[in-house]
Number of protein chains: 2
Amino acid sequence: MTRKRFDDMGCSVACALNEVGDWWSLLVVKQAMLGTRRFVDFQHSLGIAKNILCNRLSRLVDNGVMVRVDVGEHGKRYEYRLTDKGRDLFTVVTALRQWSERWNGEKDAMQLVDGQSGEPLAPVVVNNQQGKVLTVRDVRFVDEDGKPWEDVG
Amino acid sequence: MTRKRFDDMGCSVACALNEVGDWWSLLVVKQAMLGTRRFVDFQHSLGIAKNILCNRLSRLVDNGVMVRVDVGEHGKRYEYRLTDKGRDLFTVVTALRQWSERWNGEKDAMQLVDGQSGEPLAPVVVNNQQGKVLTVRDVRFVDEDGKPWEDVG
DNA sequence: CTTATTTGGTTTCTTAATGCAACCATTCTG
DNA sequence: CAGAATGGTTGCATTAAGAAACCAAATAAG
């Protein structure tokens, strides 16, 4: 059986997970954010099998999250770089990292700091237009007409 | 072969993905945020196979993201509810949703609005301590001593 | 109270994905 | 030019996913 498709569920979250929802994709993106660009460097730093890495990179390229650039001087030698779409996943990756650190403890020797001040980042939060922090209890799920969302199930 | 373990990679992101990094887990959490609590409701709204749903719910419960509550009047009848840890994934889910809407277009008839004002939410961003928005290019990855992070690969 | 239906699973079977190792052509290095 | 590194591909074994059938307990209907 083919895996269930997530891009036709009429859900943005499902659609996103269809692109980066597997075990490896977001880790590849995170690694790219650290500066990794070469196939072998991804392979060694992540400890991922070559065929899986190959498949994930191709899929990330297909989905516009990364680009493959030929940097060979006398032929083919590639670099994989994040696109704007890929870099925009910074929020997601950072939120995930912070969530893990909050609930599972600091298991990462690596820290993210502001490049200018060297201070740690602020926690990623959901704000309303006035800058007030919102939890899931403070929001409503509505349809296009502003009426309360009813699930189709 | 068993899937590679992500909780011993010394990476918070990997650790998070170990808990919610598969195709279904985050969708189950998102659905729970919409108010779904019963097994059959998850099943119908997500279109997930029963055995997979069963497995995912168990794993989310094991990881402290959800709790199973017996609500039967004369025996066993269960509800699955988000814990604080689970509700805290709201930031991640919202960031993912917004990312998808920005880059793949609005494929979701459902909208999230501020419960008070009814206005759309602000975009989820990464801030420094002073509230300035940071991109991935504005941050540094450092070790515990503040020295630039070197990958072990 | 009795029957039918719903709930919350488990089991079985088939297909897909993952991991590992071996292999290979091209490219860079010494 | 020789040897190593790069960026893959292929084949095989193991695991996960999906569909459907089945089932016991709990609830709803009559």
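All chains are named by letter (A, B, ...) in the order of the sequence lines, taking the proteins before the strands, and each is independently numbered beginning at 1.
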task = Name all residues meeting the side-chain contact (heavy atoms from CB on, under 4.5 Å) criterion together with Ala122(A); count only those two or more places apart in sequence or in a different chain, and write none if there are none.
result =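 Here the qualifying residues are Asn127(B).
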- Message: Using the side-chain contact (heavy atoms from CB on, under 4.5 Å) criterion, which residues pair with Gln43(B)? Sequence neighbours excluded.
- Response: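 side-chain contact (heavy atoms from CB on, under 4.5 Å) list for Gln43(B), sorted by chain: Phe39(B), Val40(B), Lys50(B), Leu53(B).
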Given atom [atom1] of [X] and atom [atom2] of [N], what is their separation to the nearest angstrom?
X        : N       : atom1 : atom2 : answer
Arg5(A)  : dA16(C) : CZ    : C1'   : 16 Å
Asn55(B) : dA16(D) : CG    : P     : 9 Å
Ile52(A) : dA16(C) : CD1   : C1'   : 11 Å
Ile48(A) : dT18(C) : CD1   : P     : 9 Å
Arg59(B) : dA17(D) : CZ    : C1'   : 13 Å

List the atom pairs, donor and acceptor, that lie under 3.5 Å between side-chain atoms in residues 62-70 of chain A and the rest of the protein, sequence neighbours left out.
from: Asn63(A); atom 1: ND2; to: Arg59(A); atom 2: O; distance (Å): 3.2
from: Asp70(A); atom 1: OD1; to: Gly72(A); atom 2: N; distance (Å): 2.9
from: Asp70(A); atom 1: OD1; to: Arg77(A); atom 2: N; distance (Å): 3.3

Residues in side chain to side chain donor-acceptor pair (under 3.5 Å) with [X], at least two apart?
X         : answer
Thr83(A)  : none
Arg81(B)  : Glu79(B)
Ser100(A) : none
Asp88(B)  : Arg102(A), Trp103(A)

message: Heavy atoms within less than 4.0 Å of DNA chain D: which residues of residues 18-35 of chain A have one? Give them sorted by number.
response: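 Within residues 18-35 of chain A, no residue comes under 4.0 Å of DNA chain D.
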Closest non-hydrogen atom pair between Cys11(B) and Leu27(A), with its separation:
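Answer, listing the atom of Cys11(B) first, then Leu27(A): SG-CD2, 4.5 Å.
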### Query
If you look at every heavy atom in Pro123(A) and Gln98(A), which pair is closest and at what distance?
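Where Pro123(A) meets Gln98(A) most closely, the heavy atoms are CA-OE1, 3.3 Å.
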request  = Using the salt bridge (Lys or Arg N to Asp or Glu O under 4.0 Å) rule, collect all pairs that involve residues 136-149 of chain A, keeping only residues at least two apart or in two chains.
outcome  =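 Every salt bridge (Lys or Arg N to Asp or Glu O under 4.0 Å) pair that includes a residue of residues 136-149 of chain A, provided the two are not neighbours, is Asp145(A)-Lys147(A).
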The contact string for nucleotides 3-11 of chain C, one letter per nucleotide 5' to 3', using protein heavy atoms under 4.0 Å with B, S and - for base, sugar-phosphate only and none, comes out as ---BBBBSB
Could you give the angle between the helix axes at the two ends of the helix from dC1(C)-dG30(D) to dG30(C)-dC1(D), with five pairs per end, rounded to 10 degrees?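 Axis-to-axis angle, ends of the helix: 30°.
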* To do: Sequence neighbours left out, what passes ring pair (Phe, Tyr, Trp, His ring centres under 6.0 Å) with Phe141(B)? Give chain and number order.
  =>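 Result, ring pair (Phe, Tyr, Trp, His ring centres under 6.0 Å) vs Phe141(B): none returned.
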Let me know, please, whether Lys4(A) or Val71(A) comes out on the 5' side of the other along DNA chain D by nearest nucleotide.
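Counting from the 5' end, the first nearest nucleotide belongs to Val71(A).
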